[in-house]
Amino acid sequence: FCLGNCYLSMRQYARAADSFTTAVALKPEFTLGYEHRGLARLCAQDYAAARRDFDAVLQREPDCLSALVNRAIACQSLGETEKAVQDLTRAIDLGCTETRVYFLRSRFRAQLGDAARAAEDLQEGLCRTPGDELSWVARGVARLPDQPHEALADFRQALALNPRSQPALQNMAHVLSEQLGDLDGAVSALDQWIGFEPGSASALASRGVLLARQGQRDAA
């Protein structure tokens, strides 16, 4: 299980899933093994397998908030958007404190054509103060493109909680380069990302584009 978590943090999702599979084989009642395997499969975009794992978790622990939220993401990716909204609503009713659930439900309701309630969820998410990394990122994204400085502040709050936050650094680079015209700052954010994930093709390609814009052809 610990090995699987190490692979998960390194974004080696197939190896992570294999390790968690061994963990649940050794201890079938170990709910976290299924949940973390589901997360690895979700990150690998194997949504059907991820959903099966979150189903297994919720069969054992029906009120598991993290499994409800992650199953909602898997369901939406499988085209089961109504089920995704139901899971997020249940998580909120159970007291989920991750404010990103409002942004997720807003987006899913908009996809279902429920514009009024989607707008209500968006406003609710913007009014609440995030308390976790992913919720800070979610609020920052929701503030784009009209409030780039506020969005940047949210991404920095996410980094204060997790200095290795890839989504925070990626979005920070986007805001700095595309909306605030700070190419040096954007390159610096990508430097941080590449510093802990040197093999990231996305980070390297993005930095190459920004270096090219600065006229640094060899570096690009």
Determine whether [X] and [Y] make a side-chain contact, defined as any pair of heavy atoms from C-beta on separated by less than 4.5 Å.
X	Y	value
Asp114	Phe108	no
Arg207	Leu204	yes
Arg60	Tyr34	yes
Arg71	Val57	no
Ser202	Trp193	yes
Lys83	Arg51	yes
Ser66	Phe54	no

With no hydrogens and no angle check, is any side-chain donor or acceptor of [X] less than 3.5 Å from a backbone partner on [Y]?
X	Y	answer
Ser206	Ala203	no
Ser106	Tyr102	no
Ser135	Pro130	no

Smallest separation among heavy atoms of [X] and [Y], with atom names:
X	Y	answer
Phe155	Val137	CE2-O, 3.5 Å
Glu133	Leu161	N-CD1, 3.6 Å
Leu122	Ala142	CD1-CB, 4.0 Å
Leu68	Asp87	O-CB, 3.5 Å
Ser177	Ala186	CB-CB, 3.7 Å
Ala138	Phe103	CB-CD1, 3.8 Å

Could you grab the distance from atom [atom1] of [X] to atom [atom2] of [Y], nearest 0.5 Å is fine?
X	Y	atom1	atom2	answer
Gln157	Leu152	CD	CG	11.0 Å
Arg107	Gln111	CZ	CD	6.0 Å
Arg143	His149	CZ	NE2	12.5 Å
Glu80	Gln86	CD	CD	10.0 Å
Leu58	Leu65	CG	CG	9.5 Å
Gln192	Arg164	CD	CZ	11.5 Å

Next item on the list: Begin with the C-alpha distance, continue with both residues' side-chain angles, and end with the deciding distance and a verdict on side chain to side chain contact (heavy atoms under 4.5 Å, CB included) for Asp63 and Arg90.
Entry: CA-CA 9 Å; Asp63 296 343; Arg90 177 163 174 75; 2.4 Å; yes
Notebook entry, point to check: For Glu82, does the CD atom sit with more than 12 other heavy atoms under 6.0 Å from it, leaving out its own atoms?
Noted result: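 No.
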Notebook entry, point to check: Is it the case that more than 12 heavy atoms not belonging to Arg15 sit under 6.0 Å from its CZ atom?
Noted result: no
Margin query: Would you call the rings of Phe20 and His36 parallel, tilted or perpendicular, taking 30° and 60° as the class edges?
Written below: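 Rings of Phe20 and His36: perpendicular, as their planes differ by over 60°.
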If hydrophobic clusters are built by linking Ile, Leu, Val, Met, Phe, Trp and Tyr wherever their side-chain heavy atoms come under 4.5 Å apart, do [X] and [Y] end up in the same one?
X	Y	value
Leu104	Leu112	yes
Val187	Leu169	yes
Trp136	Met172	no
Val141	Val101	no
Leu176	Leu183	yes

Note to self: Between Tyr47 and Ile73, does the side chain to side chain contact (heavy atoms under 4.5 Å, CB included) criterion hold? Intermediate values first, please.
What the structure shows: CA-CA 9 Å; Tyr47 300 119; Ile73 296 171; 5.5 Å; no
Checklist line | N-O pairing of Asp121 and Arg117 below 4.0 Å | finding: no
Next item on the list: Start with the C-alpha distance between Gln179 and Leu144, add both sets of side-chain angles, then the distance that settles side chain to side chain contact (heavy atoms under 4.5 Å, CB included), and finish with yes or no.
Entry: CA-CA 9 Å; Gln179 293 187 266; Leu144 295 174; 3.0 Å; yes
Next item on the list: Among Asp53, Asp46, Asp18, find the residue that satisfies the salt bridge (Lys or Arg N to Asp or Glu O under 4.0 Å) test when tested with Arg37.
Entry: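 Between Arg37 and the candidates, salt bridge (Lys or Arg N to Asp or Glu O under 4.0 Å) is satisfied uniquely by Asp53.
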Item checked: salt bridge (charged side-chain N to carboxylate O under 4.0 Å, His left out) partners for Glu98, two or more places apart ->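 Salt bridge (charged side-chain N to carboxylate O under 4.0 Å, His left out) check on Glu98 returns Arg100.
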